[in-house]
Asks: 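Right, I'll just put the structure down here and ask away after.
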Protein chains: 2
Amino acid sequence: MNKQTNEQSLKDTRERILDAAEQLFMKYGYDGTSMRVVTNEAGVNLAAANYHFGSKESLMQAVLRRRLEVINQERLRLLDEAEANAGGKPLKPSVIIDCYFGTLLRIAADQKAGGETFLRLLGRTFTEPSDFIRAFMSTEYADVLERYKQALFRSLPDVPKAEIVWRFHFMLGATSYAIAGTDALHLVTDWQFDEGSAEQDKNLLPRLMSFLIGGLRAPLPQFENEAEPTAGKSANKDAAA
Amino acid sequence: MNKQTNEQSLKDTRERILDAAEQLFMKYGYDGTSMRVVTNEAGVNLAAANYHFGSKESLMQAVLRRRLEVINQERLRLLDEAEANAGGKPLKPSVIIDCYFGTLLRIAADQKAGGETFLRLLGRTFTEPSDFIRAFMSTEYADVLERYKQALFRSLPDVPKAEIVWRFHFMLGATSYAIAGTDALHLVTDWQFDEGSAEQDKNLLPRLMSFLIGGLRAPLPQFENEAEPTAGKSANKDAAA
DNA sequence: CTAGAATTAAAACGAACGTTTGAATTATAT
DNA sequence: ATATAATTCAAACGTTCGTTTTAATTCTAG
């Protein structure tokens with residue numbers, strides 16, 4: 001066998017494990033997936049998983065990191081580009097939202113293999129019970145989230161920062177659900193799409209984007225306990241403007 | 001011991017198991033929680049769980065059913081009441097949303113024990129990997145979801161039903177996240193609330209409600225592939241009106 | 001070609017899992 | 001009080017889990 005075959009078979013083992021793990025973690029969750037079914041699905045020996053990744057936890061992190069790196073790099077690149085084009089002026093909220101959530105959905109649509117699978121895995125990852133997963137996500141997302149938060153703060157200077165953070169959180173939730181579950185959608189509708197699942201994915205981004213921006217720019221809430229001068233209404237106007 | 005003690009100790013075993021299971025399922029998920037830690041936490045014998053509930057799956061269903069029954073009954077009651085007061089006219093979207101999502105958060109805030117815990121468990125349940133859990137939720141929610149869908153259809157006659165269903169799905173996601181994770185929120189902010197967690201819960205409902213209604217009534221998306229006559233803009237106006 | 005490193009393979013490790021068993025205990029009712 | 005049912009208990013069932021071990025095999029380099 002030539003040199004290429006050697007390198008390829010080495011890379012194949014790692015990547016076959018990653019691909020199988022990605023699919024199975026998506027379908028059955030971290031706790032619901034055993035190393036044995038991963039290696040069986042990948043067609044490799046059981047010990048190969050621990051040899052290449054060290055542990056099940058590290059395998060999960062490798063699965064997540066492989067895709068998150070390109071997604072978050074693209075997110076930072078697009079935000080840099082948008083801010084450069086804006087020339088010092090604050091970005092429109094819709095542009096920021098599109099850079100963040102649009103990148104996620106577009107990359108998932110582009111990647112032929114594993115893209116949609118990873119998208120659904122990612123949706124579940126935020127609510128995974130295991131501490132180490134959430135801790136990993138937290139560090140993996142730290143810088144890109146900080147950049148986007150600051151961009152939103154500049155974009156909506158009259159909206160309290162706490163409100164922006166909450167609404168960003170709500171947007172994450174809506175997006176996670178949107179991508180995590182065609183299954184979860186069946187809770188809401190039993191009617192089947194005429195155009196098939198391809199239609200769903202193609203129209204999901206504009207649908208979701210409209211919803212997110214509508215939520216982000218909604219009038220500010222009125223809290224029961226707070227005094228309510230007329231200034232409150234002007235804050236509403238700023239947020240909705 | 002008197003008769004009350006007997007009945008009480010019987011009920012205590014079942015309810016102590018339910019309470020412990022609720023907490024542990026919330027913290028560690030279904031697969032991450034063993035019958036042994038449940039019964040240890042409840043202070044009962046291991047076999048008592050299988051004696052009273054038959055299996056781990058049935059225990060999970062009992063945990064969910066105990067709270068969902070009162071929440072969904074209240075949801076139907078409030079919708080009946082609102083529709084009776086409206087006298088045949090369609091309800092405002094904000095009223096429907098408040099009956100559905102507001103009930104959830106208010107009940108959770110009222111119940112002294114387990115309310116908030118169950119809320120966070122529920123948030124995770126929609127993305128649980130186990131098939132039987134999602135199947136159970138589907139049947140448990142079937143009628144109340146149908147009622148609310150029809151109410152929204154009547155409330156927004158000019159918005160395509162597919163759009164309403166999708167946006168209801170987005171709203172479920174945003175709400176799930178909002179309640180499932182203070183942890184997930186730490187992904188977005190590292191700043192601590194001055195008023196403590198009580199402040200979070202108290203203001204969560206108005207915050208979330210503003211976001212949801214803003215998203216529900218956002219302008220309709222424009223799909224790339226569809227022809228775009230001026231009628232498209234009027235549909236937007238209807239949705240935003 | 002050959003020594004050494006990298007990878008794969010089969011087998012086993014102890015621990016934890018959901019569930020069941022059968023006896024001991026407690027409550028209920030005549 | 002006594003028989004019957006309901007519940008609790010300690011112990012064990014067989015299975016699966018993540019990981020490790022040790023030997024065989026394959027690749028790499030001098």
Side-chain angles (χ1 to χ4, degrees), chain A residues 1-25 27-64 128-133 136, chain B residues 1-25 27-64 128-133 136:
Chain A
M1 313 304 176
N2 56 20
K3 184 181 159 196
Q4 190 199 354
T5 306
N6 303 342
E7 286 180 0
Q8 185 178 339
S9 84
L10 180 145
K11 216 166 74 172
D12 268 2
T13 298
R14 288 191 87 256
E15 290 210 347
R16 283 158 65 126
I17 293 175
L18 285 176
D19 290 341
E22 186 173 69
Q23 276 220 239
L24 291 162
F25 285 150
K27 273 193 199 170
Y28 307 110
Y30 177 77
D31 288 321
T33 301
S34 72
M35 299 290 267
R36 281 168 174 83
V37 330
V38 169
T39 49
N40 276 349
E41 194 72 18
V44 303
N45 188 271
L46 167 62
N50 279 297
Y51 174 78
H52 284 285
F53 298 98
S55 68
K56 187 183 177 185
E57 290 197 357
S58 300
L59 171 59
M60 176 57 142
Q61 290 175 357
V63 167
L64 296 174
E128 270 282 351
S130 300
D131 286 335
F132 85 95
I133 295 180
F136 173 79
Chain B
M1 314 306 175
N2 57 20
K3 185 181 156 198
Q4 189 199 354
T5 307
N6 302 342
E7 287 179 1
Q8 186 178 337
S9 83
L10 178 145
K11 215 164 76 171
D12 268 4
T13 298
R14 289 190 87 256
E15 289 209 348
R16 283 158 65 125
I17 293 175
L18 285 176
D19 290 342
E22 186 173 69
Q23 275 221 244
L24 292 162
F25 285 150
K27 274 193 199 169
Y28 307 110
Y30 177 77
D31 288 320
T33 302
S34 72
M35 299 290 268
R36 280 170 175 82
V37 329
V38 169
T39 48
N40 276 350
E41 193 73 16
V44 303
N45 188 272
L46 167 62
N50 280 297
Y51 174 78
H52 285 285
F53 298 98
S55 69
K56 188 184 178 185
E57 290 198 358
S58 299
L59 170 59
M60 177 56 143
Q61 290 175 358
V63 167
L64 296 174
E128 270 283 351
S130 300
D131 286 335
F132 85 95
I133 295 180
F136 174 80

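Numbered from 1 within each chain, the chains take letters A, B, ... in sequence-line order.
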Asks: Check whether any side-chain heavy atom of B:Met60 sits under 4.5 Å from a side-chain heavy atom of B:Leu64, and report yes or no.
Replies: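 Yes, their side chains come closer than 4.5 Å.
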Asks: When the distance from NZ of B:Lys56 to P of C:dT20 is rounded to whole Å, what number comes out?
Replies: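 Taking atom P of C:dT20 as the reference, NZ of B:Lys56 is at 15 Å.
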Asks: What integer distance in Å separates A:Ile17:CD1 from C:dT7:C1'?
Replies: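 So the CD1-C1' distance, A:Ile17 to C:dT7, works out to 11 Å.
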Asks: Between D:dT20, D:dT8, C:dT7, which one does the side chain of A:His52 approach most closely?
Replies: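 Of all the options, the side chain of A:His52 is nearest to C:dT7.
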Asks: Heavy-atom contacts under 4.0 Å between residues 32-40 of chain B and DNA chain C, which residues?
Replies: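 Per residue number, the list reads B:Thr33, B:Ser34, B:Met35, B:Arg36.
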Asks: For a 4.5 angstrom cut-off between non-hydrogen side-chain atoms, does B:Gln61 reach B:Phe53?
Replies: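 No, side chains not in contact.
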Asks: For C:dT7, does OP1 or OP2 lie under 4.0 Å from any side-chain N or O of A:Asn45?
Replies: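 So the side-chain polar atoms of A:Asn45 never come under 4.0 Å of the phosphate oxygens OP1 or OP2 of C:dT7.
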Asks: Under a 4.5 Å cut-off applied to non-hydrogen side-chain atoms, are B:Val44 and B:Val38 in contact?
Replies: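 No, too far: nothing below the 4.5 Å cut-off.
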Asks: Nearest 0.5 Å, please: how far is CD in B:Glu128 from CZ in B:Phe136?
Replies: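 Between atom CZ of B:Phe136 and atom CD of B:Glu128 there are 13.0 Å.
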Asks: Return the value, rounded to whole Å, for the distance between atom CG of B:Asp12 and atom C1' of C:dA27.
Replies: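 Nearest whole value for this atom pair: 15 Å.
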Asks: Starting at atom CG of A:Leu46, determine the distance to atom C1' of D:dT19, rounded to an integer number of angstrom.
Replies: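 Computing the A:Leu46:CG to D:dT19:C1' distance gives 8 Å.
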Asks: Using the test side-chain contact (heavy atoms from CB on, under 4.5 Å), find all partners of A:Leu46 that sit at least two apart in sequence or belong to another chain.
Replies: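 Partners of A:Leu46 under the side-chain contact (heavy atoms from CB on, under 4.5 Å) test: A:Met35, A:Arg36, A:Thr39.
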Asks: Take the protein atom OH of A:Tyr30 and the nucleotide atom C1' of D:dC17, then report the distance between them rounded to whole Å.
Replies: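 Result: 11 Å.
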Asks: To the side chain of B:Tyr51, which of D:dT8, D:dG18, C:dT20 is closest?
Replies: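 In terms of side-chain proximity for B:Tyr51, the closest of D:dT8, D:dG18, C:dT20 is D:dT8.
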Asks: Rounded to whole Å, please give me the gap between CZ in B:Phe25 and C1' in C:dG18.
Replies: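 Atom CZ in B:Phe25 sits about 12 Å away from atom C1' in C:dG18.
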Asks: If I take atom CG in residue A:Asn50 and atom P in nucleotide D:dC17, what distance separates them, rounded to the nearest angstrom?
Replies: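 From A:Asn50 CG to D:dC17 P: 14 Å.
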Asks: Just to be sure I understand the rule, does A:Ala48 reach a base, reach only the sugar-phosphate, or reach nothing, if contact means heavy atoms closer than 4.0 Å?
Replies: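 Touches nothing.
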Asks: Under 4.0 Å: is that the gap between some side-chain N or O of A:Ser55 and OP1 or OP2 of D:dG18?
Replies: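 So the side chain of A:Ser55 is outside the cut-off, no N or O lying under 4.0 Å from OP1 or OP2 of D:dG18.
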Asks: Any heavy-atom pair between the side chains of B:Leu18 and B:Leu59 that's under 4.5 Å?
Replies: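 Touching, per the 4.5 Å side-chain cut-off.
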Asks: Could I get the full list of side-chain hydrogen bond (donor to acceptor under 3.5 Å, both in side chains) partners for A:Ser58, not counting sequence neighbours?
Replies: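 A:Ser55.
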Asks: Looking at C:dT7, I'd like to know if its phosphate oxygens (OP1 or OP2) sit under 4.0 Å from a side-chain N or O belonging to A:Thr13.
Replies: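 Answer is no, no contact under 4.0 Å.
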Asks: What's the CZ-P distance between A:Phe53 and D:dG18, to the nearest Å?
Replies: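 Taking atom P of D:dG18 as the reference, CZ of A:Phe53 is at 15 Å.
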